[in-house]
Amino acid sequence: MSQFGHVSAVNLSRQCNMCTVLSPQHGSSIGNGISFAVCDAMGHKLRMPTTHAFSNRSKRNVHPLKVVCIDYPRPELENTVNFLDAARLSSTFRASPRPSKPLEIVIAGSGLAGLSTAKYLADAGHKPILLEARDVLGGKVAAWKDEDGDWYETGLHIFFGAYPNIQNLFGELGINDRLQWKEHSMIFAMPNKPGEFSRFDFPEILPAPFNGILAILKNNEMLTWEEKIKFAIGLLPAIAGGQSYVEAQDGITVTDWMKKQGVPERITDEVFIAMSKALNFINPDELSMQCILIALNRFLQEKNGSKMAFLDGNPPERLCMPIAEHIQLLGGEVRLNSRIQKIDLNEDGSVKSFILTNGDVIKGDAYVFATPVDILKLLLPDEWREIPYFKKLDKLVGVPVINVHIWFDRKLKNTYDHLLFSRSPLLSVYADMSVACKEYYDPNKSMLELVFAPAEEWISRSDEEIIEATMKELAKLFPDEISADQSKAKILKYHVVKTPRSVYKTVPGTEPCRPLQKSPIEGFYLAGDYTKQKYLASMEGAVLSGKLCAESIVKDCELLSERAQKIVAEASLV
């Protein structure tokens, strides 16, 4: 395939350190009240008996400017309906009347949902106070630097063209150039042909959905013509029924839907096992078909919807810090090491304050919980638990996922500058980040980042067991380069990051349980990809949930101001 685009370069000697002024007034201790919700970022460095030691990136004897990869041009996204809708919503915050007295909104959680909520409230002239339990921004996109200066992440994060709110956010922050766009393809490993890949290449000259249709028709390695025709016939009700049909499929699994529509079982095995694990870290016999149909709708209805981009470096510095700096520039606050121990209530059942594990009491005019749903359920006051709005949350449970990073002693050849679907029983997707990401670039060694899913049976196992199982699978993907006993490529070091409760498990029947951002408790709101919004449990869903949460608060501004004045007046009478 012809390569086109512009060549990118990166200064390899540059080292960015996260700004520590975010929370200078807070201590560094972190409580363990919700330890299950904190990712277990673990790893080991294996000292190899060789004279070629693995050295720090800053010590490598390389020219400071190196050609890294071919970045494809940023696709035309600005003229799509979804992008314009997202842009209009963003503009309402900047255009809203400036409040005479800005609301102080206390927000728990600095993942993309919390950061988005705070960003758009600050745009509307209010003062968000963002509280993060850990010492790093990002939530499910958090990352850490090890003793060698190498980064390891909570997950392998891909930015799609069909993410209009995220794409708007990058533009609003002026960091569009931090997305490394890849060629418009989806690449699958071939288990029956070890070391080979099957591609779905989307032609640039065709509009949607014809570019996607042609990409499917041109691929004859994974599906036969008969299977393609039967699959197309099976999809006709979804195409004809539109959004109402999609929403009605929440009650059926992918596997059962395929059987119902007469779609050959091999299509599920060849395509939808990989797609299900990539979307929600579970297999198609558990995943709601609504999730698949939403993804297909987004990817096939926009010409560049399925086009992928990698962030050019670690998410906390390259994405989260610009949002935090924007919030602070507009008068908001971002506080790390601020773990919530209790939601303290007034006599009427409304929120009085957030009490932190260090004893601090944080008060505001409104309160937002932008943590994963499992953390919210742990801290939910007893007085709220039987309220239907909160009771429905019982059915929303985070799915376990494991992210694996392995540094090898050589450059692997059987890989691409792209996301790869492994089609392995244990692995979901993976990428050679030493090629795909500028900050992680290494001309001599590969670093594979892999999503280990489904992970429910593995989340309690040791790192060594997980790495051993991963290497056995990699030996099938790289038969000429990797062997399970390391007689070929050797492991220099690895990191295993476990998230016991990640995005909510999108099983049948969960859609009605997703709450609106505005709760029945006056002055209390929710944000998070599990809340009601039209996208999946994803980065896009998290950002959109934050915008919808901020929108609800701005609409309630007058009511919240009156409530705050009433509380002050009552306090003065005491």
Side-chain angles (χ1 to χ4, degrees), residues 30-50 54 133-136 138-148 150-157 277-278 280-283 286 372 374-375 397-409 412 422-433 440 445-478 481-503 505:
I30 302 177
N32 294 316
I34 317 175
S35 60
F36 86 93
V38 179
C39 298
D40 299 318
M42 299 170 285
H44 298 278
K45 186 169 183 178
L46 307 184
R47 300 296 180 182
M48 307 303 298
T50 173
F54 184 76
R134 299 184 292 185
D135 61 353
V136 60
K140 297 187 191 78
V141 300
W144 300 266
K145 186 183 287 187
D146 68 13
E147 62 186 17
D148 298 312
D150 292 306
W151 288 89
Y152 54 102
E153 306 178 353
T154 306
L156 181 53
H157 302 290
K277 294 203 296 183
N280 198 237
F281 313 123
I282 57 178
N283 282 315
E286 289 188 279
D374 298 279
I375 297 179
V397 179
V399 63
V401 66
I402 299 170
N403 208 47
V404 177
H405 313 69
I406 303 178
W407 283 259
F408 288 97
D409 66 346
L412 300 173
S422 75
R423 300 172 74 212
S424 152
L426 297 180
L427 305 176
S428 171
V429 291
Y430 69 98
D432 186 345
M433 298 299 279
Y440 304 164
K445 304 177 182 70
S446 283
M447 188 276 273
L448 295 186
E449 185 172 346
L450 313 105
V451 178
F452 198 103
E456 190 166 1
E457 296 181 7
W458 290 85
I459 200 73
S460 61
R461 298 199 191 185
S462 68
D463 289 4
E464 291 78 11
E465 289 178 286
I466 292 168
I467 291 297
E468 181 181 0
T470 300
M471 285 295 288
K472 288 179 180 178
E473 294 302 311
L474 288 178
K476 301 173 187 176
L477 295 172
F478 298 82
E481 302 178 82
I482 296 177
S483 61
D485 63 1
Q486 296 190 56
S487 58
K488 298 175 183 176
K490 292 179 173 55
I491 298 177
L492 295 174
K493 65 176 180 178
Y494 62 80
H495 288 289
V496 175
V497 181
K498 298 178 180 178
T499 307
R501 293 286 184 266
S502 182
V503 297
K505 197 172 184 179

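- Note: His405 and Trp151 fail the aromatic proximity criterion, with ring centroids not under 6.0 Å apart.
- Evaluation of the side-chain hydrogen bond (donor to acceptor under 3.5 Å, both in side chains) rule for Ser424 yields Glu473 as partners, not counting sequence neighbours.
- Between the side chain of Lys498 and the main chain of Arg461, a donor-acceptor pair closer than 3.5 Å is present.
- Under the 4.5 Å side-chain criterion, counting only non-hydrogen atoms from C-beta, Glu153 is not in contact with Val141.
- The line from NE2 of His495 to CD1 of Ile467 is 10.5 Å long, rounded to the nearest 0.5 Å.
- In plain terms, the two heavy atoms of Arg134 and Ala142 that are nearest each other are NH2-CB, 3.7 Å.
- Atom NZ of Lys476 and atom CD1 of Ile482 lie 13.5 Å apart (nearest 0.5 Å).
- If you take CG on Asp150 and CE on Met447, they are separated by 7.5 Å, rounding to the nearest 0.5 Å.
- For the atom pair CD of Gln486 and CZ of Phe408, the computed distance is 7.5 Å after rounding to the nearest 0.5 Å.
- From Glu286, atom CD reaches atom CG of Asn280 across 9.0 Å, with rounding to the nearest 0.5 Å.
- Within the 4.5 Å cutoff, the side chain of Met433 has heavy atoms near those of the Leu156 side chain.
- Within the model, atoms CG of Asp485 and NZ of Lys490 stand 9.0 Å from one another, a figure rounded to the nearest 0.5 Å.
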Please test Asp409 against Lys445 for side-chain contact (heavy atoms from CB on, under 4.5 Å), starting from the C-alpha separation and ending with a verdict.
CA-CA 6 Å; Asp409 66 346; Lys445 304 177 182 70; 5.6 Å; no

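- Across all their heavy atoms, Ala484 and Ala475 have their closest contact at N-CB, 4.0 Å.
- In this structure, Lys140 and Val503 have side chains that are in contact, with non-hydrogen atoms separated by less than 4.5 Å.
- By the neighbour-count criterion of 12 heavy atoms within 6.0 Å, atom NZ of Lys472 is sparsely surrounded, having that number or fewer from other residues, nucleotides or ligands.
- Side-chain atoms of Lys277 come within 3.5 Å of backbone atoms of Leu427 as a donor-acceptor pair (strictly under, hydrogens ignored).
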side-chain contact (heavy atoms from CB on, under 4.5 Å), that's the test. Do Thr470 and Val496 meet it? Break it down for me.
CA-CA 11 Å; Thr470 300; Val496 175; over 6 Å; no

Which donor-acceptor pairs under 3.5 Å do the side chains of residues 448-460 make with protein atoms, sequence neighbours left out?
residue: Glu449; atom: OE2; partner: Asn403; partner atom: ND2; Å: 2.8

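- A donor-acceptor distance shorter than 3.5 angstrom exists from the side chain of Asp146 to the backbone of Asp148, with no hydrogens or angles considered.
- A donor-acceptor pair under 3.5 Å links the side-chain atoms of Ser446 to the main chain of Leu412, judged by distance alone.
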